[in-house]
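Residue numbers start from 1 in every chain, and the chains themselves are labelled A, B, ... in the order their sequence lines are given, proteins ahead of strands.
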Amino acid sequence: MDIEKLKGIEKKWQKKWKEAGIFEADVDKNKEKFFLAHAYPYPSGPTHHGHARAYLFDDAIARYKRMKGFNVLYPMGWHCTGNPAMIKAEKIRNGDEDTIEKLKEAGVPEEEVKKLKDPHKYVRFFATESDLSYKSCLETVGCSIDWRREFMTIDETYKKFIQWQYSRLKELGYVQQKEYPVIWCPEQEMPLGDNDVEDESQGAESEEYIAYKFRIEIDNEKILLPAATLRPETIYGVTNMFLNPNLDYVIAKLGNEKWLLSHDAYEKVKYQREDVSFVKEFSSEDIIGSYCENPVTEKDVIILPADFVKGSSATGVVMSVPAHAPYDHIAIEELRKQKDVLKKYGIGMEELDFDYISLIDLEGYGKYPAVEVAEEMDIKELDEERLEEATKEVYRKEFHQGTLKENTAYPGKRVDKIKKKVKEDMLARGLAEIYYDTSKPVLCKCGASGVIKLVDDQWFLKYSDREWKNKSLDLLERVKVIPKKYRKELNYYLDEWMGDKPCARKKTLGTELPFDKNWMVEPLSDSTIYMAYYTISKTINQENIDGEKLDSSVFDYIFWGKGNPENCKVKTGVLEDMRKEFLYWYPLDMRIAGTEHLSNHLSFMIFHHAALFNEVEWPKGVTIHGMVLDENGNKVSASKGNGYNMKEIAKGGMVDAMRLGMYAKSSPWDDIKFGKKEVDKTIENVSSRFQKLFKYVDLIDEASKETRDVLDRWILSKMQRHIKNTEDALDKLELMEAVNHAFYSAFNDIKDYVNKKENLNHDVFKDVIRTWIRILAPFTPHLCEELWEKTGGDGFVSEAEWPKVEEELIDETAEKGKELGDTIEEDVREIKDITGLDKPKEIKIIVSDDWKRDMKTAVQKNKELSELMKKNKFRKQGNSAVRYFQELKKEHEKERVISGKEELKALGEMKGHFEKLFQADVIIEKESESKEDKAVKSRPEKPAIVLKN
RNA sequence: GCGGGGAUACCCGAGUGGUCAAAGGGGCUAGGUUCAGGGCCUAGUGGUUUAGUACCUUCGUCGGUUCGAAUCCGACUCCCCGCACCA
């Protein structure tokens with residue numbers, strides 16, 4: 001057999017598997033089921049070997065479980081709802097060259113690219129309909145999927161399933177409508193995600209300011225100065241107000257109140273409230289130098305000029321708290337020096353002579369932390385960057401460690417604990433309003449400036465609901481999380497981090513909310529319990545059930561057993577079948593997803609299962625897979641072009657080599673560095689071993705029959721251990737460990753066996769090879785099918801029974817004997833090195849006497865010297881016995897000691913091998929019968945060795 | 001900032017109290033397979049040392065617990081990942 005024959009091997013077996021339908025899973029009450037579901041892929045672009053790795057994890061497990069006798073359900077669907085495909089399609093429609101070029105580079109034929117302007121075509125192309133698609137990728141690498149259950153999330157039938165889910169969640173009170181601030185493009189009138197804004201704007205968030213309404217009278221009219229801050233508690237420390245004399249301000253009517261705002265702020269606030277109208281332009285210079293009233297303390301504070309106040313940030317009205325804000329402190333210091341400015345506004349020096357008001361106690365600082373930090377950092381002027389740093393420092397410390405003083409309404413309270421309450425109190429008293437702004441300026445890719453818009457009819461999933469959270473935590477507690485380290489993180493997300501989540505969007509590919517046709521279900525929110533859909537999608541596909549027939553009563557019956565099947569539009573028998581499938585396959589045994597999905601898909605799955613299903617139907621396992629990085633540590637991705645399309649690898653017939661390499665690289669949940677170069681190298685390396693494997697298989701026929709010697713017994717014993725170790729590793733999902741045992745260790749042993757054995761034992765060798773093929777089958781299925789067939793296996797190896805460990809073949813003595821042989825080889829080599837006796841004519845191996853073995857066993861049992869020396873067999877050895885005793889005391893080994901007879905036998909059986917290896921006569925003798933001086937040096941399992949010329 | 005994870009020899013990467021100078025792979029070195037190369041095989045790959053031995057130093061840094069630590073505890077330094085309405 002030649003490695004060349006590997007070409008085409010994948011296709012050959014994939015075709016046979018398909019024809020035989022061996023991965024199609026149906027209800028079988030006589031078999032235990034195993035249901036695993038990988039996160040269904042979002043087909044946004046071409047696939048590569050990075051994708052393959054994630055799914056190969058599942059495949060090995062699915063194949064192993066199948067061989068272990070489980071009825072395995074391994075399905076796949078396509079998550080087509082969402083925006084990226086829509087946006088890409090739109091770009092193609094608009095002739096965006098970059099997008100088109102990238103697709104061509106990735107291998108999309110020119111004439112196809114044009115067709116992808118339709119988002120539905122786009123997702124189909126990358127889901128199933130091309131060599132670049134996910135389906136092609138999964139099929140090419142040999143994933144053992146039941147394709148009859150395939151579906152897309154834009155199928156009418158699936159949409160009905162989603163609508164059922166959302167109706168029921170709403171009935172449970174878990175879906176609610178409320179106000180919500182979004183970053184908004186005023187030009188396009190749509191919310192802006194990070195993908196929609198220029199790079200420098202990415203990461204911008206909506207920030208909730210509290211605007212304190214300072215009061216002033218202008219022309220006998222009460223005007224409010226809304227000073228916006230993120231630190232509501234500092235209202236007690238305000239010494240003055242800052243307005244920018246060079247900025248455009250307006251007076252605007254908000255409800256019944258008149259506010260003074262920067263022009264920019266006025267434009268923004270219109271998106272946050274409906275009752276906003278323009279009154280007039282206003283020059284801040286008219287009131288700089290006058291006083292306004294702090295709404296909380298009711299004290300008057302002076303309005304000072306400040307160039308640094310920006311119109312684009314918050315309201316353009318700034319309250320100054322110099323004791324706790326370095327910026328304010330430095331601004332006042334600066335102003336004190338600017339006599340001409342003060343004079344211009346008629347501000348007397350004495351008016352700047354106010355004391356700072358300290359309101360927060362902070363350990364390690366005096367009354368004015370802001371002043372101290374500014375001094376420490378040696379900030380003397382309005383150096384924006386460094387003041388920003390200082391501000392953060394003060395803010396952080398005061399927030400986490402500070403306590404409010406007597407001059408506030410919250411004396412003794414920790415800032416971090418009371419902040420929220422201060423805000424609520426002030427809002428309740430009508431002294432302040434919420435004002436939203438972006439954390440940094442947002443520039444939309446269309447060129448417009450983003451603003452915060454308050455959407456008032458957004459639908460939310462109420463993940464903040466304590467009862468729901470508790471139920472979900474209860475579910476999590478029963479879930480087996482692999483690897484364990486992610487449980488903590490998951491627990492944190494569920495318990496603390498997750499809040500209400502908007503679950504609907506205006507514009508997206510997907511499903512309408514059943515109770516509000518203005519909204520579509522947001523793409524993450526339709527991927528929560530789809531594993532349940534796999535249990536029925538087979539029937540839906542086969543019976544060609546129309547979406548229209550799937551109203552909520554159908555799902556009520558299938559998933560809850562509620563209602564009367566007679567009243568459903570689906571035929572009763574079919575409905576019963578679906579119900580049976582669901583009951584049989586659920587719960588999900590293993591859910592696989594990437595780490596980035598912990599805080600969304602996986603958490604959502606837990607929440608939604610907790611809400612909608614009985615405890616017995618709750619998912620039982622969550623497993624994380626890692627991703628593939630290239631040699632520079634970058635994620636392998638279609639846009640970077642640093643990945644292989646699987647078809648390229650399949651051409652050489654090397655899919656299995658790549659599979660094995662991937663498994664061996666690291667644990668499935670860890671990231672692996674596996675760039676193109678490394679893929680090439682790995683394939684080269686593994687395939688050379690495959691070559692050897694073929695050679696071994698060919699050897700079987702030439703092998704002769706013999707009685708089983710120590711090497712035969714050893715290799716059989718080792719194979720039992722390899723079975724066991726592989727099995728144990730696979731049960732823990734430790735694929736790397738499993739491959740290390742099943743492939744590398746077994747390979748090394750078999751190689752060793754073949755090298756050392758003079759005449760192969762036909763029976764033994766065949767048995768070994770056939771065991772080997774089976775434990776390798778989950779990893780390299782195509783290759784193993786080929787070899788299985790060649791070695792006369794029945795049917796498919798994919799369906800073969802996982803080899804059972806035959807306890808009676810585990811032979812410790814043979815293992816020890818073989819080890820002994822290895823040690824002797826090593827020792828002889830070493831002695832030759834040291835002595836320079838390069839080609840000894842004779843090698844004497846002197847096996848230690850039995851009293852040494854007895855003493856070793858005795859010492860292992862913690863016997864004392866005095867006790868032992870009472871025995872004749874030790875006493876007659878005299879001093880040698882005492883010295884040996886002391887030597888043994890230093891050892892920690894607790895392994896069984898083999899007898900001198902066993903040792904002699906094993907060595908005898910390997911004598912021929914030694915003679916061949918060293919090209920010398922080998923003499924084996926007992927210590928007591930040897931005339932060599934060195935004989936006394938022999939130890940149990942460590943014979944003395946004498947080389948002679 | 002919040003939460004989670006990590007630091008192991010030239011490189012990648014196992015290893016959670018003694019059996020650890022530390023798996024496996026790669027690289028490198030030497031020898032062999034006898035004609036070029038590759039492939040394959042064998043051995044070596046912290047240091048000193050020896051008829052097959054023993055000792056010393058080492059697993060981010062500094063301390064601690066222990067008869068004994070890469071492994072446990074504390075502090076520190078550095079790195080990675082997630083922070084949502086987006087798949």
Among B/G52, B/A87, B/C41, the one nearest any side-chain atom of A/Tyr42 is B/A87
State the pairing partner of B/U66; accept Watson-Crick or G-U wobble contacts with both distances under 3.5 Å, and report none otherwise. none
Taking any heavy-atom pair under 4.0 Å as a contact, classify A/Thr595: base, sugar-phosphate, or nothing. nothing
For B/G39 and A/Lys692 - does any side-chain N or O of the residue sit under 4.0 Å from the phosphate oxygens OP1/OP2? no
Watson-Crick or G-U wobble partner of B/A36, both distances under 3.5 Å: none
Do the ring planes of A/Tyr463 and A/Trp468 sit parallel (below 30°), tilted (30 to 60°) or perpendicular (above 60°)? tilted
Of the options B/G52, B/G3, B/G5, whose atoms approach the side-chain atoms of A/Tyr492 most closely? B/G3
Does the protein touch nucleotides 8-16 of chain B at the base, only the backbone, or not at all? Give it as B, S and - per nucleotide, heavy atoms under 4.0 Å. ------S--
Can you tell me how far C1' of B/C41 sits from CZ of A/Phe747, to the nearest Å? 11 Å
For A/Ser603, enumerate each residue passing the side chain to side chain donor-acceptor pair (under 3.5 Å) test, keeping only those at least two apart in sequence or located in another chain. none
Please give the distance between the P atoms of B/C28 and B/G38 as a whole number of Å. 11 Å
B/A23 and B/C59: how far apart are their C1' atoms, nearest whole angstrom? 14 Å
Of the listed nucleotides B/G4, B/A84, B/C41, the one nearest the side chain of A/Lys501: B/A84
Who does B/G44 pair with, Watson-Crick or G-U, both distances under 3.5 Å? B/C28
From C-beta outward on A/Arg829, which listed nucleotide comes closest to its side chain: B/U50, B/G82, B/A43? B/A43
Sequence neighbours excluded, the answer for salt bridge (Lys or Arg N to Asp or Glu O under 4.0 Å) partners of A/Lys488 is none
Tell which nucleotide pairs with B/A87, taking only Watson-Crick or G-U wobble pairs whose two distances are both under 3.5 angstrom. none
Indicate, with a heavy-atom threshold strictly under 4.0 Å, whether A/Pro943 touches base, sugar-phosphate, or nothing. base
May I have the step-by-step check of side chain to side chain donor-acceptor pair (under 3.5 Å) for A/His79 and A/Thr81, ending in yes or no? CA-CA 6 Å; A/His79 189 204; A/Thr81 38; 3.1 Å; yes
What is the pairing partner of B/A23, taking Watson-Crick or G-U wobble pairs with both distances under 3.5 Å in any strand? none
Using a strict cut-off of less than 4.0 Å between a Lys/Arg side-chain nitrogen and an Asp/Glu carboxylate oxygen, indicate whether A/Lys816 and A/Glu941 qualify as a salt bridge. yes
Contacts of type side chain to side chain donor-acceptor pair (under 3.5 Å), residue A/Asp671, not counting sequence neighbours: none
Kindly say if A/Asn600 contacts the phosphate of B/C85, meaning a side-chain N or O under 4.0 Å from OP1 or OP2. no
B/G3 pairs with which nucleotide, Watson-Crick or G-U wobble, both distances below 3.5 Å? B/C81
Expressed as a whole number of angstroms, how long is the span from A/Phe918:CZ to B/A43:C1'? 12 Å
Using the salt bridge (Lys or Arg N to Asp or Glu O under 4.0 Å) criterion, which residues pair with A/Asp465? Sequence neighbours excluded. A/Lys462
The side chain to side chain donor-acceptor pair (under 3.5 Å) partners of A/Lys852 (sequence neighbours excluded) come to A/Glu927
